[in-house]
Every structure is written in C-alpha cells, then in structure tokens.
Amino acid sequence: MKEDFDKPYDPKSAEARIYQLWEEGGFFDPDKLKTDKKKKTYSILLPPPNVTGSLHLGHALNATVSDILIRFNRMTGKKTVWLPGIDHAGIATQNVVEKELRKQGTSRYELGREKFIERVWQWKEQYGSIILDQFKRLGASCDWSRLRFTLDEKYADEVLKTFVHYYEKGLIYRGSRVVNWCPRCRTSLSDLEVRHEETKTKLWYIKYPLAIKNAELRMQNYIVVATTRPETMLGDTAVAVNPSDPRYKNLVGQKVILPIQNKKIPIIADRNVDKDFGTGAVKVTPAHSFTDFEIGEKNGLEIVEVIGQDGRMTELAGINFAGLKIDEAREKIVQELEKEGLLEKIEDYNNYVGHCDRCNAVLEQLISPQWFLRMDHLKDFAVKIVRSGKTKIIPKNFEKTYLSWLNNVRDWCISRQIWWGHRLPVYFCEQKTEEFTVSLAKPDKCPICGNCKMKQSEDVLDTWFSSALWPFAALSKKDLQDFYPSQVLITARDIINLWVARMIFSGMEFKSETPFEKTLIHATILTKDGKRMSKSKGTGIDPLILIDNFGADALRFGIIWQSMGNQDIRFDETAVMAGKKFANKIWNATRFVLQNAESKAGGKDSKSKPKTPADKKVLDKLQKAKKSVEKDINSFKFGQALHKVYDFFWHDFCDVYIEKSKKQSGDKTFIFFILLESLKLIHPFMPFVTEEIYQKIKPKGSAKALMIEKWD
RNA sequence: GGGCGUUUAGCUCAGUGGUAGAGCGUUUCAUUGACAUUGAAAAGGUCAGAGGUCCGAUCCCUCUAACGCCCACCA
C-alpha cells in the first residue's frame, strides 16, 4: 500500500483504470445508486456535440464545469444524472462527407440520395463516438447508458410529431419567399446561420433614364440609383424613393427605362427607403433582397429572378449574361453601363456581406419555396419566461442578447435542401404537384387526387429545429418525470439565440414549462494574446495533448483555476502545470500520512475527534473551506472555489498542519481523517487522482468509490 | 449602425468605499526523512487616462482611449 506512493503520481496509468472502475461500477447511472428520495433531483444535459467535432478547449471548459456540478450534487445524495448525446449536425456533417467524396472523385449527386445517406451513416458510425471518448478522458461522469443521437428513431419520431403539431396549429406554413441561400451547399439557411463579413466593395451610381419618347431628352432626364450589386439590376422591377423626399416628389408614378434590359419600370414611393443613402433613390429587385421583396409585395411588383440556385445568372438575366458567375456578370454590366454613359460615378464602400456559416461561400438572397415557423406566438413565451425570472440567464447581461434577438426575430426558415437530417413529414400529390398533406406516416392513399402514391418532400429540417427539442426529446418517459426541467444548461454565448432561445420556446410549447431553471453562459477561451482560438488559423490548443502531457486532473485544474466568472479566459498553460504539481502534492501528502498514521483506523474510527490545538485549527479551516466551496459551486464561482480548495490543502493542511505533525507525537489517526475529508473536497475538481488515492487507502466499510461518497 | 465586456505585479487573473492579493516568473536563503513537481522569505503596482461625488475612490458616476465579443436585410 505505502509502496504504491513511492513513485510520483502518474496520471497516465491511473486515469483509464479509474474511469473503467467508475463505469463498470455503474456509478454514473442514478438508477443504480442509492439516492436520497427526499432531495430534489439534479440533472444536466450535455449540449450534444456535432458528430464532426473533435474536443476543443471550449468543450473541455463546458464539460469540466458540468462535471463539477454533477459530481458535487451526486455526492450530496441527490438523484443526479448527466445525459450525453450527439447531434447529427445537418449541413456540417454533410459537408464533411461531401469533402471526402470529392477526394474520391465523386459527389453526392453521383451517388444519389439513398447511397449518400448510407455513406453519412457509415461515417457517423466510424467517427460519431470519438468525441465522446474524449469527454471520457476528461473524466466526464455522464450516464452513457442514456446516450442519445438526434437521428435515433425515437428522437426522430419526436421531431416529426413536433412538425405536425406546429403545422396543425397553423404555426408552420409553406411559402415562396426570399431566403438566405448558399450556392455552394445548395440550400436555404436561417438568418442565424449567416455570418456578416466586412467587405471592401464599391458603390456604383447608375443612371436610369426617364421613359420619355424623345431619345435626346432621355439622356438628360434620368434618376440616379446607388447600388453595391449592379448585376441584380437585370431583375429590377422598380425604382423606389422615400415619399417625403422633395427631390423626387414629381417623379413618383412616372417610369424609367431599365438599362440593358430596356424595359419600363415604375418609380414608386416607399417609406423603407433611406433618403440619406446614396442618392435617395434605390433600385428594387424583389427576387434578390429581403427589403425589396417586401417593397415588391406591398406595391404588387413583378418578380424577376436573375440569379439561380447555383449562384449563376439565369436566362431571365438575358442572353448575354445567362450562365455567368456573379462577379463576371457584375464586371460585364459595369462595362456596358460605362459604354452607354450611364455610370455616373463609383465610390469605395465598406459593406457587410453575408457568408455561409458552414462553408464560407458568399450567400445569395433568392426566392424559393420553403417552410417557415411563425415566431410571433412562440417568441412571446420565450420572452415572458425570462422576463419573469423563471428562467435565469447567468450572467444577467446576456438576457439582453436574448431578448433583443427575440424581439426582432423574423419567421424561421426551417427547411433545408440537403439530405442529411429529418426529412419533412410532408407528402405531395403527384397529380397536383403543389398540393400536399402533412402527416407522421405516408398516407396509404392520396387524399388529394385519390389515387397517386404521393411523394415525400425532399427537404430536411434545420438541425436546430431538432436540437431545440433536446431537453425533452432526449429523455425517456420516466426520465421526463424525474429530470425535466433540468437545473442548469451550460453553454457558450454564441448559441444563445441559435439554441437556447429555441429550446426555451419549444419547452414551453410542449411541456408548458421551461426546460431548465438556469442557463449558465460560460467564458470563451482565447489564446494567451486574446485571439480567438481557431483550427484554421492554427491558434487552437488540443486538450488531448494537454491531458497526455499533464493529466486530465491538471487540465481540469488549469481551466477552472482561470474561470473566475464570465471574464473570457486567455488560456495560460502554466495553470495546467500548476494543476499537475497540485495532483502530485496530494499524492505526496498521502505518502506522508500513510507513513505516519500507521493505523488506517476503520471507517468509523477515522472520524476521530480533534485533540491538539493544531487538530482543531485544521478542522476549523477545513470546515470553513468546505462551506465556502459549497457556496461558490452553487453560485457558479468555480475558479474561486478551486482557489479555496488549493489554499486549504496546500497551505493549511500541508504547510502548516503536516509540518506541525512532524513535531507532534501521539495519536495520528486524525490526520488520516483530514486527508480523507480533503479528498472529498477536491474530488469534483480533480476526480482521478483523488479516486486513485481513495481506492488505495480507503478504510474497510467505506463506499466503493470516492465519487459516491457522502459529501457531508 | 446597435448592444455588451475588458483595462490591477514581468505574464494570466482575483479583490475591496478606508495598509493592494494569488498562481507562474524573478531574487535570496534552507532542506539528505511526504514532495526539488519542496519549504521560508524578498523584490515588483500613481489599480488605462481625465473629470466628478465623498472625510476618503482601484471600487460609485461622466467622458476619453485601446482591445475584444455579439447582434444587424440601409440597397
């Protein structure tokens, strides 16, 4: 026993063995543990990582924080579960597999839908659980028997039911409207999947001649519009000015000639037009702009689609332009306008151009038939529950992010034209191809024409539509009773709207209750010089390498040591090294205790009473630290808690008490008791080393594992 | 354009309306008996700048600057 401690602590040999011990002991599964039925249950749902993902420091922070809460609460005797899962991550996963196919010289189109999906499943089987193994290496005490995947049959059922429910309630509708479109992924996107990037571009001032018969006069009478996208003018169906703009008052109602297309389009007045931008007159392209689409609807304008789903100009753009890429078309248009003397001037301009969040392609706004979830009713739920304080967002200032998004949200485009995901439970009639029926299963007989076989919609749902159901769709019927709502959702700030808000209104709609009592928005981990960590820039740090070098406990220590609140963390590796030293310190202190406290004393005897003043003092310090740590954990001050744990053990216990005990003779069972209590205190933060020690020194009759010891 | 956050020791960060704290780093000394992944101690800060409130401000208020983040259909 004592000999085990002759060498320094070696995390590598201990961690895998200890994790196995926990898993095989069934200690992660609350149904296999004795729990205190009088206490409220405690549950956390793991934000399901993407199947495409590999562990980064953000996950490590999230998992460590969650694990501290779970381990702490489990030790207090509450029925506690941490439920893990994986997200199918529609576009992200599809893109990864497509990339692989490209390497093999083929494509999803060549394979066809069915074969392609098979390939993605294969890929999922191969890589799907890799990231979860990485969570295990961190020591995450998830109940793996409850693992869920968002495309599991049961989960998928729940998703489709939700769709049908919303549809029957009139909250889901189909419409041909302008959407964000990624020409690379060939799918629509929701507003939240658009990343705006500042782009240096030009503002072209183009003359639109008034439609006067006299050709000479025409060249002198024109209206100038300013645009960043001259190529879309091929689809213009009006010029708009602000109704209160005196410059254009007389022109409203007249017509101009759209250059190149040579077609008459009206000058209209619309309040959405900003008098101060450009010339105060704008071209209106209802097919390729959200604003213009609205203006077009109000004024009954014609819609001319000049950009296709492949991101190239369509035939409607004219024979000279059809098939050209956007920038080719732009260049050609500008040349032509110049030739005709219709270009007044060009200015430099900084614009925010929408990019695909997943593949970074420049997005187009174009019209396509899509499915939308009405937000007006659902958002009210989500606003109310947070305003009333029934769901708390911590830190509180993020409530502003949340509320301001909800208050300005547009209907959610939930359909995607990719293949990997939940296919819409919508069946179209083969005769009247625009008519459809919505139902969970394919109808035996077409209710529309009465005899066709019907064709299921090709579209799949936005991944976030299914993620939004996670808090209840991931739970079994029994678990719903025990664990809904969960106590706290722990996540990063960039998905407050994308995910948190949508979970909240989904939970309200289907369970009439918030899915979690609190949302904890944890810090973002940055590089040491304050830059965002990113794989592509090579600024990321791989947590697994840190675990290999220093041990999982050391990594957990290092991350939490720096987690003092919502302050973003500039990651400092020396904190991880400090963690490694601390693990070793605990190890060595144990060696000393074993050498001195000969009688390991039975479990009960170990609760000896303090005898000397030093005993009393260290006990007092321990109890104070414990109370303080409890308080900090419960208020999510993890860094503060860890500092106290560290201070107590290193300084009060080792530097003072152990040093003193060297000079103090007599009964030394008390020091053993303090050591055991310290292990409990440290365990939520550094589970491996504490468990490893506990397994070696635990008195007869004590718990099978430290992780299920009683906190008090 | 709108919103938010940060600025304290060489580095990463705590903290308080009334002598400024930790880890790492640096310096000195100690130690062959738990641990050199050690112990004891020291040096090191006009708490971003300006103004205000107060007996007193690093802390509260206003402004400025730098950095960072989120949101956004002004073409």
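This structure is a prediction, so every number in the text was calculated from the model and none was measured. Here is how names work: the chains are called A, B, and so on, in the same order as the sequence lines, proteins then strands, and each is numbered from 1.
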- Task: Quick one: the dot-bracket string of RNA chain B, using Watson-Crick and G-U wobble pairs with both distances under 3.5 Å, [ ] for crossing pairs and | for bases paired to another strand.
- Result: (((((((..((((....[..)))).((((((....).))))).....(((((..]....))))))))))))....
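Between the base of B:rC4 and the side chain of A:Lys400 there is no donor-acceptor pair shorter than 3.5 Å. One can find a donor-acceptor pair under 3.5 Å joining the base of B:rA34 and the side-chain atoms of A:Glu659.
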- Once base and sugar-phosphate atoms are separated, protein heavy atoms under 4.0 Å mark nucleotides 9-14 of chain B, 5' to 3', with B, S and - as --SSSS
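The 5' end of RNA chain B is approached more closely, in terms of each residue's nearest nucleotide, by A:Asn397 than by the other of A:Asn397 and A:Arg493. If you find the closest nucleotide of RNA chain B to A:Val194 and to A:Leu526, the one lying nearer the 5' end belongs to A:Leu526.
For A:Ile326, the side-chain contact (heavy atoms from CB on, under 4.5 Å) partners two or more places apart in sequence, or in a different chain, are A:Arg229, A:Glu231, A:Ile307, A:Met313, A:Arg330, A:Glu364. Under the ring-ring contact (aromatic ring centres under 6.0 Å, His included) criterion, A:Trp405 pairs with no residue at all, not counting sequence neighbours. Not counting sequence neighbours, the partners of A:Thr232 by the side chain to side chain donor-acceptor pair (under 3.5 Å) test are A:Lys283.
Look at the C1' atom in both B:rG49 and B:rU6: the space between them is 16 Å, to the nearest Å. Taking atom P in both B:rC59 and B:rA20, one finds a spacing of 14 Å when rounded to whole Å.
When heavy atoms are screened at a 4.0 angstrom cut-off, A:Thr228 is found touching the sugar-phosphate backbone but no base atom. Here A:Tyr352 lies in heavy-atom contact (under 4.0 Å) with a base. At a threshold of 4.0 angstrom between heavy atoms, the contacts of A:Ala589 include nucleobase atoms, whether or not backbone atoms are also involved. Within the 4.0 angstrom heavy-atom criterion, no nucleotide atom of any strand lies near A:Asp292. In this structure, A:Thr227 reaches the sugar-phosphate backbone alone: every heavy-atom distance under 4.0 Å involves primed, P, OP1 or OP2 atoms, never a base. Note on A:Ile496: nothing from the nucleic acid sits closer than 4.0 angstrom, heavy atoms only. Residue A:Tyr349 is classed as a sugar-phosphate contact, given heavy-atom separations below 4.0 Å to backbone atoms only. Residue-level contact check: A:Trp204 touches neither bases nor backbone, having no heavy atom under 4.0 Å from any strand.
Considering only the side chain of A:Lys580, B:rU37 comes nearest among B:rU37, B:rC69, B:rA34. Out of B:rC73, B:rG23, B:rC35, the shortest distance to the side chain of A:His196 is found at B:rC73.
Using a 4.5 Å heavy-atom threshold, the side chains of A:Val256 and A:Tyr222 count as separate. Counting heavy atoms from C-beta outward, A:Asp632 and A:Lys644 have side chains that approach closer than 4.5 Å. In this structure the side chain of A:Tyr352 never reaches within 4.5 angstrom of the side chain of A:Glu197, judged on heavy atoms. Using a 4.5 Å heavy-atom cutoff, the side chains of A:Ile586 and A:Leu679 are in contact.
Applying the side chain to side chain donor-acceptor pair (under 3.5 Å) test to every pair with at least one member in residues 573-583 of chain A, sequence neighbours left out, gives these pairs: A:Asp572-A:Thr574.
Distances shown here put a side-chain N or O of A:Asn351 below 4.0 Å from the OP1 or OP2 atom of B:rA75. For the OP1/OP2 pair of B:rG39 and a distance below 4.0 Å, the side-chain nitrogens and oxygens of A:Lys585 include at least one atom meeting the criterion. Checking the phosphate oxygens (OP1, OP2) of B:rG39, a side-chain nitrogen or oxygen of A:Trp650 falls inside 4.0 Å.
Within a 6.0 Å radius of NZ in A:Lys518, no more than 12 heavy atoms belonging to other residues, nucleotides or ligands are found.
Atoms OG1 and CG, from A:Thr201 and A:Asp348 in turn, are 9.0 Å apart once rounded to the nearest 0.5 Å.
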